[in-house]
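Some notes on the structure that comes next.
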Amino acid sequence: GAGVSQTPSNKVTEKGKYVELRCDPISGHTALYWYRQSLGQGPEFLIYFQGTGAADDSGLPNDRFFAVRPEGSVSTLKIQRTERGDSAVYLCASSSLGRGDRAVNEQFFGPGTRLTVL
Amino acid sequence: AQSVTQPDIHITVSEGASLELRCNYSYGATPYLFWYVQSPGQGLQLLLKYFSGDTLVQGIKGFEAEFKRSQSSFNLRKPSVHWSDAAEYFCAVGSYNQGGKLIFGQGTELSVKP
């Protein structure tokens, strides 16, 4: 079956502009995660959805960042008034969140969207 | 604070030699541990994971890792490295009470000499 897909693969924008990054998770996966990976660093958690609701948005750096998942499948990460420091690869992952000891399942990652803010 | 440390930013090994990549974590809850590999232009691929039970876990591509609670470590090993193993390797930790979000180390870049 298809894996996690992300569009666009590359996005170049100007400082101050608004961008949307899309994630299509693996069909049936209830949990969806967004991470940001800066050059030379490991991925950094941004936000996590269980179904349609954001269960944990503690990683969003500020109120310019917002994410939605209205139907519990596709998610969109939205960045307002982009800044040069937002340049990074934005990764999306999904998992079939289990229960109890299996509440932490394998996360399947998409190829990422490389965002460049000029 | 929760953290994952990969002390080696870059390692070079000869093809056929053994490999060990280090990972140390600081985590208040019972940790679940993962190793991911990232090749240039590719997404993160899971190599192996530890949830509970046997502390020596086997993964794909001939990799294994050992969980040592007393040392807060989860080092990745491979007995004989292949040129195709050259990539970036990330250790990550999560827990049940964190909803599955992962904290990653900064990564170790592996180069393989012919």
Side-chain angles (χ1 to χ4, degrees), chain A residues 2-6 9-10 23-26 29-51 53-60 67 88-114, chain B residues 1-10 21-25 27 29-53 57 59-60 67 74 76 87-109:
Chain A
V4 177
S5 63
Q6 294 185 245
S9 55
N10 280 282
C23 172
D24 280 87
I26 292 172
H29 279 187
T30 56
L32 185 146
Y33 306 82
W34 283 98
Y35 295 85
R36 178 169 70 174
Q37 186 174 20
S38 300
L39 194 62
Q41 301 296 316
E44 178 186 23
F45 171 77
L46 295 176
I47 186 170
Y48 144 59
F49 288 88
Q50 176 65 306
D56 183 351
D57 65 357
S58 62
L60 294 178
V89 176
Y90 289 80
L91 298 170
C92 176
S94 69
S95 75
S96 54
L97 196 65
R99 297 184 180 188
D101 287 348
R102 286 294 178 260
V104 180
N105 276 340
E106 173 183 356
Q107 293 181 24
F108 294 83
F109 283 81
T113 293
R114 181 176 298 279
Chain B
Q2 302 159 353
S3 66
V4 177
T5 301
Q6 294 181 243
D8 305 305
I9 295 174
H10 189 196
L21 302 183
R22 296 183 290 164
C23 172
N24 293 94
Y25 67 89
Y27 211 76
T30 300
Y32 300 119
L33 296 153
F34 305 81
W35 275 99
Y36 281 86
V37 61
Q38 187 177 42
S39 299
Q42 303 294 315
L44 289 160
Q45 181 184 22
L46 182 71
L47 286 176
L48 47 78
K49 59 192 176 188
Y50 172 78
F51 286 168
S52 64
V57 293
I60 62 171
F67 171 55
F74 188 57
L76 182 71
E88 187 93 22
Y89 291 80
F90 293 96
C91 179
V93 62
S95 78
Y96 166 68
N97 63 3
Q98 293 290 318
K101 77 179 185 186
L102 298 179
I103 296 173
F104 285 83
Q106 70 176 61
T108 298
E109 183 181 357

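Treat the numbers as computed from the prediction; the structure is a model and nothing was measured.
For Ile47(A), no part lies under 4.5 angstrom from a heavy atom of chain B. Neither the backbone nor the side chain of Ser9(A) comes within less than 4.5 Å of any heavy atom in chain B. Gln45(B) does not touch chain A: none of its heavy atoms, backbone or side chain, sits under 4.5 Å away. Residue Gln6(A) does not touch chain B at all, counting heavy-atom pairs closer than 4.5 Å. Contacts of Lys101(B) with chain A are made by both backbone and side-chain atoms, with heavy-atom separations under 4.5 Å. Neither the backbone nor the side chain of Phe108(A) comes within contact range of chain B; no heavy atom of the residue lies under 4.5 Å from a heavy atom of that chain.
Scanning all heavy atoms of the two residues, the minimum distance from Ile26(A) to Ser94(A) falls at N-OG, 3.3 Å. Annotation for Arg22(B) and Trp35(B): closest pair O-CH2, 4.0 Å, computed over non-hydrogen atoms.
In this structure Ser5(A) satisfies the side chain to side chain contact (heavy atoms under 4.5 Å, CB included) test together with Asp24(A), sequence neighbours excluded. Evaluation of the side chain to side chain contact (heavy atoms under 4.5 Å, CB included) rule for Gln42(B) yields Ser39(B) as partners, not counting sequence neighbours.
Atom CD1 of Ile9(B) has 12 or fewer heavy atoms from other residues, nucleotides or ligands within 6.0 Å.
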